[in-house]
There are 4 protein chains.
Amino acid sequence: MSLREKKVAKRKKDLLMSAIAIIGEKGYHSTTMEEIASKLLMTKGSIYYYFKDKQDLVYQSQKILLEQSNENIEEVLSEDLPYDEKLKKVMVVHIEYLITEQSGFVMGTNPEQFFSGKQLETILMLRDRYGNYIKQLIAEGVKEGVFTEVDEKIVRNIILGAMNWVVTWYSPNGPMDKTTLAKSISNYLLKIVLK
Amino acid sequence: MSLREKKVAKRKKDLLMSAIAIIGEKGYHSTTMEEIASKLLMTKGSIYYYFKDKQDLVYQSQKILLEQSNENIEEVLSEDLPYDEKLKKVMVVHIEYLITEQSGFVMGTNPEQFFSGKQLETILMLRDRYGNYIKQLIAEGVKEGVFTEVDEKIVRNIILGAMNWVVTWYSPNGPMDKTTLAKSISNYLLKIVLK
Amino acid sequence: MSLREKKVAKRKKDLLMSAIAIIGEKGYHSTTMEEIASKLLMTKGSIYYYFKDKQDLVYQSQKILLEQSNENIEEVLSEDLPYDEKLKKVMVVHIEYLITEQSGFVMGTNPEQFFSGKQLETILMLRDRYGNYIKQLIAEGVKEGVFTEVDEKIVRNIILGAMNWVVTWYSPNGPMDKTTLAKSISNYLLKIVLK
Amino acid sequence: MSLREKKVAKRKKDLLMSAIAIIGEKGYHSTTMEEIASKLLMTKGSIYYYFKDKQDLVYQSQKILLEQSNENIEEVLSEDLPYDEKLKKVMVVHIEYLITEQSGFVMGTNPEQFFSGKQLETILMLRDRYGNYIKQLIAEGVKEGVFTEVDEKIVRNIILGAMNWVVTWYSPNGPMDKTTLAKSISNYLLKIVLK
DNA sequence: CATGAATGAGAGTTCATTCAT
DNA sequence: AATGAATGAACTCTCATTCAT
């Protein structure tokens, strides 16, 4: 990748991050192109050099988040850990990532409200992939006798809900730092599946 | 209340319900006054006879939801039940109400995005009241030895998150009816606090 | 048609006429919604109460012109006149209408530049219908021995071109009024087909 | 002219031709600098090295067309031919040039829509010059008794209109090649002035 | 010379809001 | 009480234009 291309990639990434942050805070419709741009000292017109339109920018920003989430979980899954510890680590990583990126957008709403067609498909696919990883992990833990018998889908959704909800109530000024909090939450959730 | 006043009150309620339904489906900004009105065969201009502006309409619609939720929980709390069963019933009622009203809006996002000033205060107050009921219930259950020692705030938030998340994945076409589902979820969540 | 509907129809017609006039003068792209509206002391936003978008407004304005042209020619064709006089009258009416409405837009450009899909189809159909009337008239005149043998298509296009071109050079300040001019042009063009 | 200057002149010519072609097809406003440039594998920024702005580029492109047209007609006029054949040749050359360059742009619309000031003056001057050549030719033909008595201005405009209109209906896939067509049209038009 | 990147003015469009009827 | 019609502010998007490299 040439220097130029790197610069473009960097700028794109910057814009995506800017979009993620502001959309996470204000929501899709309240976020204007102006705001996204001005955070980087650009003007709104410039965004269109990098992205086709607002849809495209937002879509890509959400895609990145989901892709990163999938990478995160894949790494944890590949580690050699007992099922209970693995599930716990999955949760901790998820919560920490969520808090770090304030990425409560797609995670926390119907993507159907914002995307359609090919874009929606991709988003849903990435979401499903992520969900399946957790479901599988639970199912295996059950099969191996580490976890108790549960409906994997429902428990997966309970866990996802509890974790994603964190962005609505976490405050950096609270008594716990994000890692401690993430561990605490994970411990409680683990009780659902432990024998 | 005169007949005329009753009619006005009825119309208001209709509009609030219409707003709740559409906003629950499409989100605040994607919902237009036109849509809210046309569901009742009115024109958008008429709404302004009943409500000051969109803000006001939405605010009141969300207030109703939260007030009803508080009434729901207060009724359950007043019943004479053991702590575990009481908490379970609280959850079941919450989930059923959520699904019935599709009221995932305020429940599922930062009210700060949409309200401010006095309105925000009221919404937050109602939310807090609801949250406190659950926190108290947990705390008492712990004190009485029915529940195990837990951080009531965190567990409360876990429970709320898991429950509120339901609206994003519940499908009426799924294998479980909403009551069965609500019971199932509640059972799993109960494990967090049970000894 | 109720009074209300009449008013709406009137307003629509006004907007179409405004659009025709300005587009005839400045062209499609240089004509702004603002200009079209302000000619009627409205604001551009109001246009969208009557028309879906600019495309729609322009399309309908051009459709009206072509439909009126077709009605004009149909009326002349239905009259009981010898072929040469009939063709002459067709031309006179065409030229006068053109000058009156300054309607050189669709008449004078590729509709493909501005319309597509169903709209383009309709425009082309109306254009073709008009062209066919003239072609038929020539063909019949030839068959009846009033006109000399000619390629009807080419002659039709020559006649249409000469007539439509008028809008680019006619000046109301010239020595001839529009009727005299129209008659003069028609006489010259008639020589192409006369024996 | 140095090599460098020659290169610049060549590049300029290329850009003008590119502009003529695309504008002929899509119209002034729908043609972007990007398109004009990309046809020559350049980027739009480069255009500004050769032309002051879009106006300038378009103006020069239209000027070239008109100048070439004038040269064309001057050459024909200088030939030693009878008036009828001369007029016919003028028409054939005009039509062929039009079709070859698809140059229906300025020829086919009010230059007032696009130019003003000095530029407009020049364009109009070139147009007038061209028109005058034809008017003169007709007038002389009349005086010499080859043509019948006609209003030279009106007939000139009829002829120009019929010819310029060709670009809107000529199709390379039609039954006639462009020379045959040009001759045919010219023959018909000649009938207007012949005795 | 050429380009990549940025700019900003201006266009079309949406929609909450108003108000005479 | 309701509505039709109009408004205007805000937003997305386009594109001619500029300029450092």
Side-chain angles (χ1 to χ4, degrees), chain A residues 2-5 7-8 11-12 29-37 40-58, chain B residues 4 7-8 11-12 28-38 40-58, chain C residues 2-5 7-8 11-12 29-37 40-58, chain D residues 4 7-8 11 29-38 40-58:
Chain A
S2 77
L3 186 67
R4 262 265 141 88
E5 287 171 314
K7 264 193 175 169
V8 165
R11 215 82 172 109
K12 259 185 146 165
H29 283 104
S30 305
T31 300
T32 70
M33 296 301 261
E34 190 105 31
E35 284 171 309
I36 294 171
L40 303 173
L41 304 178
M42 303 168 84
T43 57
K44 58 185 170 172
S46 313
I47 298 184
Y48 292 83
Y49 182 78
Y50 297 96
F51 298 94
K52 197 181 145 290
D53 52 21
K54 190 183 181 185
Q55 226 9 255
D56 184 34
L57 170 60
V58 172
Chain B
R4 184 151 281 165
K7 261 193 175 172
V8 166
R11 216 82 172 112
K12 257 186 144 165
Y28 178 97
H29 282 103
S30 303
T31 300
T32 68
M33 297 298 265
E34 191 96 38
E35 286 171 307
I36 294 170
S38 78
L40 303 172
L41 304 178
M42 303 168 82
T43 56
K44 57 180 168 177
S46 315
I47 298 182
Y48 291 83
Y49 180 79
Y50 300 96
F51 299 94
K52 194 180 145 290
D53 53 23
K54 191 185 182 184
Q55 239 350 271
D56 184 34
L57 169 60
V58 172
Chain C
S2 75
L3 184 68
R4 268 261 144 83
E5 286 171 317
K7 265 192 173 169
V8 166
R11 214 82 171 111
K12 259 186 144 163
H29 282 104
S30 305
T31 300
T32 68
M33 297 299 264
E34 190 106 32
E35 285 172 308
I36 294 171
L40 303 172
L41 304 179
M42 301 168 85
T43 56
K44 58 181 172 172
S46 312
I47 299 182
Y48 292 83
Y49 183 78
Y50 298 95
F51 299 94
K52 195 181 145 294
D53 52 22
K54 190 183 182 185
Q55 224 13 251
D56 184 34
L57 170 61
V58 172
Chain D
R4 186 151 280 168
K7 262 193 173 171
V8 166
R11 216 85 172 108
H29 282 103
S30 304
T31 300
T32 67
M33 298 298 264
E34 190 96 39
E35 285 172 307
I36 295 171
S38 77
L40 303 172
L41 304 179
M42 304 168 80
T43 56
K44 58 181 168 176
S46 315
I47 299 183
Y48 291 84
Y49 181 79
Y50 299 97
F51 300 94
K52 194 178 146 293
D53 53 23
K54 191 184 182 184
Q55 246 341 277
D56 185 34
L57 169 61
V58 172

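Letters A, B, ... are given to chains in the order of the sequence lines, protein chains preceding strands, and every chain is numbered from 1. Please read all numbers here as calculations on a predicted model, not as lab measurements.
- When rounded to the nearest whole Å, the span between CZ of Phe51(A) and P of dA5(E) equals 13 Å.
- In this structure, the nucleotide among dA5(E), dT13(E), dT17(E) sitting nearest to the side chain of Val8(A) is dA5(E).
- With both pairing distances under 3.5 Å, dT21(F) is matched to dA2(E) as a Watson-Crick or G-U wobble pair.
- Here Ser46(A) lies in heavy-atom contact (under 4.0 Å) with a base.
- Ser2(C) comes within contact range of no nucleotide atom at all, as no heavy-atom separation falls under 4.0 Å.
- Of the candidate nucleotides dA16(E), dT12(F), dT7(E), dA16(E) has the atom nearest to the side chain of Lys44(B).
- Listed pair Arg11(C) / dG4(F) fails the phosphate criterion, with no side-chain N or O lying under 4.0 Å from OP1 or OP2.
- The interatomic distance linking Glu35(D) (CD) with dA16(F) (C1') rounds to 13 Å, in whole Å.
- Following rounding to the nearest Å, Tyr48(A) (OH) and dT7(E) (P) show an atom-to-atom distance of 14 Å.
- Note on Tyr50(B): every side-chain N or O is 4.0 Å or more away from OP1 and OP2 of dA1(F).
- Rounded to whole Å, atom C1' of dA6(F) lies 13 Å from atom CG of Leu41(C).
- In this structure, the separation between OH on Tyr50(A) and CE on Met42(A) is 5.0 Å, given to the nearest 0.5 Å.
- In this structure, Glu34(D) places its CD atom 10 Å from P of dG4(E), rounding to the nearest Å.
- Of the two residues contacting DNA chain E, namely Ile47(D) and Met33(C), the nearest-nucleotide position lying further toward the 5' end is that of Ile47(D).
- Closest contact between the side chain of Arg4(A) and the listed nucleotides dG4(F), dA5(E), dC13(F) involves dA5(E).
- Between the side chain of Lys54(C) and the main chain of Thr31(C), a donor-acceptor pair closer than 3.5 Å is present.
- Counting any heavy atom pair closer than 4.0 Å across all strands shown, Ser30(B) reaches no nucleic acid atom.
- Ranking dA2(E), dA6(E), dG4(E) by closeness to the Thr43(D) side chain, first place goes to dG4(E).
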Problem set entry | side-chain contact (heavy atoms from CB on, under 4.5 Å) between Lys12(C) and Tyr49(C), worked out | CA-CA 10 Å; Lys12(C) 259 186 144 163; Tyr49(C) 183 78; over 6 Å; no

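- We find that CE of Met42(B) is positioned 11 Å from P of dA1(F), with the value rounded to whole Å.
- With rounding to whole Å, His29(D) atom NE2 is found 15 Å from dG12(E) atom C1'.
- Atom-to-atom, OH of Tyr49(A) to P of dA16(F) comes out at 16 Å; the value is rounded to the nearest Å.
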